[in-house]
Amino acid sequence: MTDFPTTNPHIAHTLLSRAHSPDTATQQFTERIKQKPLFLRPTSPSASDNRSRRRLHKLRKKEYFRRHQRPQPLSAREKRSSGLYDLPQEECKYAIFQGLHTLWISYMQEILDLSATGKTGVLTPASHGAKLVSADYHGAEVEVVRSRSFGRVGLKGIVVRDTKFTFVIVTAKDEVKTIPKEHTVFRFTVPLPMSEESAAGKEDSQGTEVSNTPKPLVFELHGSQFENRPVDRANKKFKWRNVDYL
């Protein structure tokens, strides 16, 4: 005679049998447990899936706004092929951009609150740091004073293009140089506006005319802390940071 293994009763049916009659226990087990659907929650996505989903959402949002712009902007490839950012060689002359440099000096004197009356306040990082950070440097005459590439030290010219990572300058010899901002310190000066008394000058005891021209303001710009576009610089907030000197 062969003994067939008997199936073990469900633990829920066993517990119900202890509290109810056999018929009631069987009915409740069938209706509330055996025939009740089990809803399973999907497995939580991994970090890479969330990152892909956010990236896809960002691309779709960008494509939506680009599609609804009128007129539609040019892509980066179309801008390069059209020569939008190219500087004509025959127009890259130092003498041509000296007028732009003169306008830039007036612009910097205005944002730094420099008056021609000689009543110039004290310039501090707290009061004028934000203005210098958000300023436009197209037309500034900069000079490389420190750099990890010794061949760039001493280069001086007027900025004709200010990109996120480079300064494009025109030197006094009508040469176009592209200087990376990273690990480079630039120096530029802002002359103080001259009053009528300063322009006229004074005479010393011997009757010799002595120039009363005030010394210009000298600033140093750390390129590694200045890697942003001019359009993004307008709303940039000034923050104190530790600077690693070269």
Practice prompt. Sequence neighbours left out, what passes ring pair (Phe, Tyr, Trp, His ring centres under 6.0 Å) with Tyr64? Give chain and number order.
Written response: His68
Discussion item. Run the ring pair (Phe, Tyr, Trp, His ring centres under 6.0 Å) test against Phe165 and tell me which residues pass, sequence neighbours left out.
Written reply: none
Discussion item. Could you check whether Asp162 pairs with Arg229 (Lys NZ or Arg NE/NH1/NH2 to Asp/Glu carboxylate O, under 4.0 Å)?
Written reply: no
Would the distance check show the side chain of [X] and the main-chain N or O of [Y] forming a donor-acceptor pair, the cut-off being under 3.5 Å?
{"X": "Trp104", "Y": "Glu141", "result": "no"}
{"X": "Thr184", "Y": "Glu182", "result": "yes"}
{"X": "Ser17", "Y": "His13", "result": "yes"}
{"X": "His101", "Y": "Ala140", "result": "no"}

Discussion item. Could you see if Leu221 belongs to whatever hydrophobic cluster contains Ile111? Use Ile, Leu, Val, Met, Phe, Trp, Tyr and a side-chain cutoff under 4.5 Å.
Written reply: yes
Worksheet entry | Inter-residue atom distance Ile96.CD1 - Glu91.CD, 0.5 Å rounding | 6.5 Å
Worksheet item: With distance as the sole criterion, is a donor-acceptor pair present between the side chains of Thr163 and Thr166 under 3.5 Å?
Response: yes
Enclosure of [X] [atom1] (heavy-atom neighbours >12, cutoff 6.0 Å):
{"X": "Glu110", "atom1": "CD", "result": "no"}
{"X": "Lys131", "atom1": "NZ", "result": "yes"}
{"X": "Arg67", "atom1": "CZ", "result": "yes"}

Worksheet entry | Minimum heavy-atom distance Ala25-His20, with the two atoms named | N-CB, 4.1 Å
Worksheet item: Where do Val160 and Ile169 land on the side chain to side chain contact (heavy atoms under 4.5 Å, CB included) test, with the steps shown first?
Response: CA-CA 6 Å; Val160 295; Ile169 66 173; over 6 Å; no
Discussion item. Using a 6.0 Å distance limit plus a 45 degree cone around the ring axis, check whether Lys181 lies over the aromatic ring of Phe167.
Written reply: yes
Worksheet item: When the ring centroid of Tyr137 is compared with that of Phe226, is the distance short of 6.0 Å?
Response: yes
Practice prompt. Please report the C-alpha distance between Arg187 and Glu220 in whole Å, then the side-chain angles of each, then the deciding distance to 0.1 Å, and finally whether the salt bridge (Lys or Arg N to Asp or Glu O under 4.0 Å) criterion is met.
Written response: CA-CA 4 Å; Arg187 178 180 296 168; Glu220 286 190 354; 2.9 Å; yes
Worksheet item: Any idea how Phe29 and His10 line up, ring-wise: parallel (<30°), tilted (30 to 60°), or perpendicular (>60°)?
Response: tilted
Worksheet item: Should Leu112 and Gln109 count as side-chain neighbours, where that means a heavy-atom distance under 4.5 Å?
Response: no
